[in-house]
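So that the names make sense, note that chain A is the first sequence line, chain B the second, and so on, each numbered from 1. These numbers were taken from a predicted model, which means no experiment stands behind them.
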Protein chains: 2
Amino acid sequence: MKRKITLKQIANELDVSISTVSKALRNSIEISEDTREKVQAFAKLYNYRPNNIALSLKNRKTKTIGVIIPEIVHHFFAKVIRGIELVANKRGYNVIVGLSNESFDKEVINMQMLANGSIDGFILSISKETLQQQDYHHFNETISQGMPIVMFDRVINEIHCDKVIIDDMKGSKNAVDKLLKNGCKHVAIITTKDYVSVGRLRTQGYLQALEDYKMTPDSNLILKVDDELLSEDHLDSLEKEIEELFKRNKKIDGVFAVNELYAIIAMKVARKMNLNIPDDIQFIGFTDGVLSKHATPSLTTVSQHGQEMGEKAADLLINKLENEDEEEQYETVVIETNLIERESTK
Amino acid sequence: MKRKITLKQIANELDVSISTVSKALRNSIEISEDTREKVQAFAKLYNYRPNNIALSLKNRKTKTIGVIIPEIVHHFFAKVIRGIELVANKRGYNVIVGLSNESFDKEVINMQMLANGSIDGFILSISKETLQQQDYHHFNETISQGMPIVMFDRVINEIHCDKVIIDDMKGSKNAVDKLLKNGCKHVAIITTKDYVSVGRLRTQGYLQALEDYKMTPDSNLILKVDDELLSEDHLDSLEKEIEELFKRNKKIDGVFAVNELYAIIAMKVARKMNLNIPDDIQFIGFTDGVLSKHATPSLTTVSQHGQEMGEKAADLLINKLENEDEEEQYETVVIETNLIERESTK
DNA sequence: TTGTACGCGTTATCAA
DNA sequence: TTGATAACGCGTACAA
């Protein structure tokens, strides 16, 4: 087992100084052709590679991006990571991943672990618990220590940093527009409690679409699901809630759900009640994942373009990292959503 | 914007030496109570944290695990990552992720990037291209440089390292057993070409189950899908292939698919042909993902326990890292699969 | 009780 | 053309 070889070892073997080796390897004209060749041959033989850690220490740059997301077993976040990784690697950066698991404490701890020199900057999406507690000190501290942050999807306006979001309101408005245009008269929405910003915004889009069509919103048609219900164990009770919604309002002929799982479950309930999709009732979800594509019937969704968000976020962060002295100007990039029409709508 | 504070800065401010500060912060009894308090107060005020990079360089340990997977937008791999991250964090390690995107070159490059000091060891699952080319030099080189590797799921016997796998053969044998026990007389299998080891093993399990039931395998019932078909664009032709399979063999009353997507698509085809699931035909897939759970009908699957694999892999790797001098003994851990019965079987 | 010196691996600057 | 030295930030053995 040969340990990784260092400049010093090469220098010893070849009876030259460390700096000579270093220069020779970088092909410096200071060094004679002879020694250069000798050193390079030797280095190649022993497969020399400069030690990243030493370089990081010296350059005060790690060429590594820290990513903190609430959850990775989630199609959207996985796609974002892929986008980040793609751009990061292309631009010579590594990606280190931390999962907050929707917990405030884990988010803070993870950020602290990484902020102590391991990375050059953060890309993150805020955990639900943090959003609920509205405690953002860890973001501000990180930023004030000179470490740039790019937030995506779940962001907060008060924090000054680059952001990549989609226009949740517009996206859901378009979706509901579609349902109304398709002739739906009683469109229900299945959404989250309001503290989840994207849930709130998507609800607003729903209301706006109704307004545009001069329809008065009916609170009976608005189901605000308690978030806990997303955890696997509570899916059954979610199903019951939706069933009650449908039974209370037999006229529902269109459903907009703020994520794909809600939509899929709602379709399941509808089918159980012998409703025909899309003839009796139409469905649109949000976030384009595997479920939407492969469900039967396949689900029309508002696509969030996770990978693109990741790519953009990585570009923003690396740009900031590589133009240190630029004026402090923060950008909020809005990624366009689009409606992917499938079988669940006419 | 205050830069991160260092020992040296604290020492300067307080007019003591760097080592005094260092010792004071670690509460060394060498240092007087007085200075200790003074230093600690100051450090706390400025939120001092030791620089990880410097520690890594000094200790020759990064406390970071490198994970190379073929794809992250994939429920199974995402679950593995979550498992790895869980254990790693608990044991004080970070996780850095590289995606090979099923490409040999990217796998090699990614490993090289990380092997130069950025991490202490690898957890990885081999890309399809690498498996096809059977070029494993990068693994051997890494290992011979003293950097431990733990492979999971897609592994190769020739490489000496810890491994975490499932018993693919047994898992699929159990699945097919179930179909046969349920009365299926003509069980088809939808699998991959043989170079994908897990596909090959699962096919073997299928054959073995038949043998146990004294049934002779019918090559007409074995569909070996070209792997390219998994890429999103080719799903249509996969659908056609399956349709032809069903039309060629009208008697098929059971289908075992080596992954959940194949199974879901096969169910779709069956439904289109007006076959009733599970009365006319039963289905079992492999890998328990979201699709299986939320499909209609929900799909009976062999669960792979991705998270558990990740946890085990992380434990194996960290154990190896923290017991350097132990004898070189490699372990292959087999994670039990189990059949999750849902609506697609009787 | 405190401080000096060294080493981790690298590069840049300056001296020989 | 080559080599010595300092510096990145830290911890520790040893000297004062």
Novice: So does B:Glu85 pair up with A:Lys106, basic N to acidic O under 4.0 Å?
Specialist: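 Salt bridge present between B:Glu85 and A:Lys106.
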Novice: Measure from NZ on A:Lys8 to P on D:dG3 and round the result to the nearest Å.
Specialist: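 Distance, rounded to whole Å: 16 Å.
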Novice: Do A:Ile126 and A:Phe139 make a side-chain contact, defined as non-hydrogen atoms from C-beta onward lying under 4.5 Å apart?
Specialist: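 SC-SC contact between A:Ile126 and A:Phe139 confirmed.
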Novice: Take the C1' atoms of the five end pairs on each side of the helix from C:dT1-D:dA16 to C:dA16-D:dT1, get both axes, and report the angle to 10 degrees.
Specialist: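 If I round to tens, the end axes sit 70° apart.
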Novice: Go nucleotide by nucleotide along DNA chain C from the 5' end; which of A:Ile5 and A:Glu30 gets its closest nucleotide reached first?
Specialist: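 Counting from the 5' end, the first nearest nucleotide belongs to A:Ile5.
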Novice: Mind calculating the distance between CG (A:Leu57) and P (D:dA7) to the nearest angstrom?
Specialist: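 Atom CG in A:Leu57 sits about 14 Å away from atom P in D:dA7.
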Novice: Strictly by side chain to side chain donor-acceptor pair (under 3.5 Å), give each pair with a member in residues 69-81 of chain B just once, sequence neighbours left out.
Specialist: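 Every pair satisfying side chain to side chain donor-acceptor pair (under 3.5 Å) with a residue in residues 69-81 of chain B: A:Arg82-B:Glu71.
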Novice: Rounding to a whole Å, what distance do you find between A:Leu7:CG and D:dT2:C1'?
Specialist: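 Rounded to whole Å, this separation is 15 Å.
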Novice: Is the side chain of A:Asp120 donor-acceptor paired with the backbone N or O of A:Lys63 at a distance under 3.5 Å, no angle test?
Specialist: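 At least one qualifying donor-acceptor pair exists.
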Novice: Please identify the 5'-most and 3'-most nucleotides of DNA chain C with any atom under 4.0 angstrom from a heavy atom of chain A.
Specialist: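 Result: C:dC8 to C:dC14.
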Novice: Starting from the 5' end of DNA chain D, give me the residue, A:Ser32 or B:Gln9, whose nearest nucleotide shows up first.
Specialist: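 Closest to the 5' end, via its nearest nucleotide, is A:Ser32.
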Novice: Under 4.0 Å, heavy atoms only, any strand: does A:Thr35 hit a base, just the sugar-phosphate, or nothing?
Specialist: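 The answer is sugar-phosphate, as A:Thr35 gets under 4.0 Å only of primed atoms, P, OP1 or OP2.
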Novice: Can you list the residues that meet the salt bridge (Lys or Arg N to Asp or Glu O under 4.0 Å) rule with A:Asp315, with sequence neighbours excluded?
Specialist: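 A:Asp315 satisfies salt bridge (Lys or Arg N to Asp or Glu O under 4.0 Å) with A:Arg91 once adjacent residues are dropped.
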Novice: Without decimals, in angstroms, what is the distance between A:Arg36 CZ and D:dT1 P?
Specialist: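 One finds 8 Å between P of D:dT1 and CZ of A:Arg36, rounded.
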Novice: What I'd like to find out is whether the side chain of A:Val87 reaches to under 4.5 Å of the side chain of A:Lys312, using heavy atoms alone.
Specialist: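 A:Val87 does not reach A:Lys312 side chain to side chain.
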Novice: Without decimals, in angstroms, what is the distance between B:Lys58 NZ and D:dT12 P?
Specialist: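 Nearest whole value for this atom pair: 7 Å.
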Novice: If I take atom CD in residue A:Glu33 and atom P in nucleotide D:dT2, what distance separates them, rounded to the nearest angstrom?
Specialist: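 That distance rounds to 11 Å.
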Novice: Is there a donor-acceptor pair under 3.5 Å between the side chain of B:Glu102 and the backbone N or O of B:Lys128?
Specialist: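 Judged by distance alone, yes, a pair lies under 3.5 Å.
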Novice: Report the relative orientation of the aromatic rings in A:His137 and A:Phe104; use parallel for angles under 30°, tilted for 30 to 60°, perpendicular for over 60°.
Specialist: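 Geometry flag for A:Phe104 against A:His137: tilted rings.
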Novice: So, A:Ser56 side chain and A:Ala54 main chain: donor-acceptor pair closer than 3.5 Å or not?
Specialist: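 Judged by distance alone, no pair lies under 3.5 Å.
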Novice: Quick one: is D:dG9 close enough that its OP1 or OP2 comes under 4.0 Å of any side-chain N or O from B:Tyr48?
Specialist: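 Negative; the distance criterion is not met.
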Novice: Answer yes when A:Lys320 and A:Glu331 have at least one side-chain N-carboxylate O distance shorter than 4.0 Å, and no when they do not.
Specialist: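 Salt bridge flag = no for A:Glu331 with A:Lys320.
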Novice: Run the salt-bridge test on A:Glu37 and A:Lys44 with the 4.0 Å N-O cut-off and return the result as yes or no.
Specialist: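 No salt bridge links A:Glu37 with A:Lys44.
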Novice: Rounded to the Å, how far apart are B:Asn52 CG and D:dG11 P?
Specialist: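 Interatomic distance, CG of B:Asn52 to P of D:dG11: 11 Å.
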Novice: Tell me, which of residues 17-26 of chain A have any heavy atom that sits under 4.0 Å from an atom in DNA chain C?
Specialist: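 Result for residues 17-26 of chain A: A:Ile18, A:Ser19, A:Ser22, A:Lys23, A:Arg26, sorted by number.
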Novice: List for me each residue that meets side chain to side chain contact (heavy atoms under 4.5 Å, CB included) alongside A:Thr142, sequence neighbours excluded, and say none if there are none.
Specialist: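 Side chain to side chain contact (heavy atoms under 4.5 Å, CB included) check on A:Thr142 returns A:Met111, A:Phe122, A:Met147, A:Ile149.
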Novice: Starting at atom CG of B:Leu55, determine the distance to atom P of D:dG9, rounded to an integer number of angstrom.
Specialist: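 To the nearest whole Å, that distance equals 12 Å.
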Novice: Please tell me which of B:Ile53 and A:Ile29 maps to the more 5' nucleotide of DNA chain D, matching each residue to the nucleotide holding its nearest heavy atom.
Specialist: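 Nearer the 5' end of the strand: A:Ile29.
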